[in-house]
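Just follow the structure's listing: the first ligand is 1, and inside any ligand the first atom is 1. The residues of the chain are indexed from 1 along the displayed sequence.
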Amino acid sequence: MANQQFDFGLIGLGVMGRNLLLNMADHGFAVIGYNRSPQKVKELEEEMVEGTTIKGTSDLKVLVDSLKIPRRITLLVQAGKPVDDVLQELIPLLDKGDIVIDGGNSHYTDTLRRVQYMQEKGFHYMGMGVSGGEEGARRGPSIMPGGDPEAYQHVKPMLEAVSAKVNGEPCVAHLGKGAAGHYVKMVHNGIEYGIMQLISEVYDVLHRGYGLTNDELHEVFKQWNEGELQSFLVEITRDIFLKNDDKTGKRLVDVILDKAGSKGTGKWTSQDAMDLGISIPTIDIAVSMRNLSALKQERVNAAAVYPSAIKITGVSKEEIIQEAREALFFGTMISYAQGLALLFVASKEYNMDIPLPRVVKIWRGGCIIRSTLLEIFYQAYTGNPELPNILLDSHIAALLKSKTANTRKFITTAIQVGIPASALAASLGYFDAYRSAVMPTNLIQAQRDFFGAHTYQRVDEEGIFHSNWQ
Ligand code: 6PG
């Protein structure tokens, strides 16, 4: 056996994997990375920082034989079958007690299956969400590990070293049992979808509706990012408006086709929320709008059938920008509220024991949805870790109340001129329904009982009732 001198191994030297490995090496760990493609191995070695200990290999056995015992190997490969394929290659080379961590965006049910499978073979297996994109992986991501607590102890010091820091505290924590890490990352991405859709709707109203230029939008987002909307997504949006296209000299954002891609994590969030019976309409709409955006040619055809002159008038620029800011703040809060409410229920339903105070704490830095709001949520959960929905926190309630009037105005304006503000409207609709002590669902129950004898409950008496309606 070759000398076992390396602390950590990583499989999958795409940009994320390579950057995470370079980050580990920066913190003094001796690391070895594997990729089947020698080109990727070369890229890793080219980026190696002097004074750090990094090795690349295209031979999986070399990686395994070079690691200290118990081996600690992180996978950063494409979710789905590639993870299973790598495990099949890896398993014959491992010893009992070795630790394998899937750091990709795997579906949590796949992770649960793999945890069981690996456990039966005597290995430790953990699912771990990593957020922050390429730059985050290199300089400090937010890391969401879950599962095997014993295995976590073996990787904790390394994860704490490489993660982002907020007030000196690492943005990593053990987030619960089973596939909790991947579940939390999935919901993180669902919230991410929601906020991105909200930002795009605000952009649409201000740009297509009110005619703000990219320079003006840059200024607007710059100001927003200096206040209560401060966040990674607002910050990068600010910068996007100024970026020029090398080919045409136009602003790049104006030459990008309006078809949004997706890798599935937003959809999984919606699917799982549906299975659990949890309402997350802002996230659902965000997924739907990406799907609708893909129908480019149909939309172009429909635009000819239903032409409309989208032009907002009768409101000053200052007013519409102010309303936009408050509506975005409101919608963003609701997007987080829905995702966190889903985590609250899923944690219990799937027996994951997800500590919500810890989740929002580690989302404060490094990840795509980091924002100053996370500090407010952290305070709320610190006061009450069993909060089923952050909308019930009094400080958050006061903030939302102060934004509802302008949110309504902004959505009304969008609706009047025919700009789809679906995620904003879904956020407001969710809020209005959640705060309704009485909903019109009594009528739905009456209809169900009328045509299908599905029974109903009464407001004045315990029990299950059925009426003869005709
Ligand atoms: C992150 C991101 C990351 C990835 C998304 C993009 O937290 O760093 O969420 O995981 O960029 O998977 O997802 P879509 O391709 O579905 O937009």
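- In the candidate list Lys185, Met16, His188, Lys263, Lys185 is nearest to atom 3 (C) of ligand 1, counting heavy atoms.
- In this structure, Cys367 does not count as a contact residue of ligand 1, since none of its heavy atoms falls inside 4.0 Å of the ligand.
- In terms of protein heavy atoms, atom 16 (O) of ligand 1 is closest to Tyr193 OH, 2.4 Å.
- Residue contact annotation: Gly266 has no non-hydrogen atom under 4.0 Å from ligand 1.
- The side-chain tip of Lys403 points at the ring of Phe329 from less than 6.0 angstrom away and within 45° of straight on.
- Inclusion of Thr265 in the set of residues having an N or O under 3.5 Å from an N or O of ligand 1 is not warranted.
- The environment of CZ in Arg408 is crowded: more than 12 heavy-atom neighbours from other residues, nucleotides or ligands sit within 6.0 Å.
- Close approach to Ile368 involves these atoms of ligand 1, each under 4.0 Å from a residue heavy atom: 1 (C), 2 (C), 7 (O), 8 (O).
- Atom 2 (C) of ligand 1 has its closest protein heavy atom at Glu192 OE1, 3.5 Å.
- Ionic pairing of Glu89 and Arg36 is present here: one or more N-O contacts between side-chain nitrogen and carboxylate oxygen are shorter than 4.0 angstrom.
- When each atom of ligand 1 is checked for a heavy atom of Asn189 under 4.0 Å away, the hits are 5 (C), 7 (O), 9 (O), 10 (O), 12 (O).
- Residue Gly133 has at least one nitrogen or oxygen atom sitting less than 3.5 Å from a nitrogen or oxygen atom of ligand 1, judged on distance alone.
- Ligand-side atoms of ligand 1 in range of Ser262: 14 (P), 15 (O), 16 (O), range being under 4.0 angstrom from any heavy atom.
- Proximity annotation for atom 17 (O) of ligand 1: of Lys267, Met144, Arg290, Arg290 comes nearest, heavy atoms only.
- Of all protein heavy atoms, the one lying nearest to atom 8 (O) of ligand 1 is Gly132 N, 3.0 Å.
- The CG atom of Leu94 sits 6.5 Å away from the CZ atom of Arg71 when rounded to the nearest 0.5 Å.
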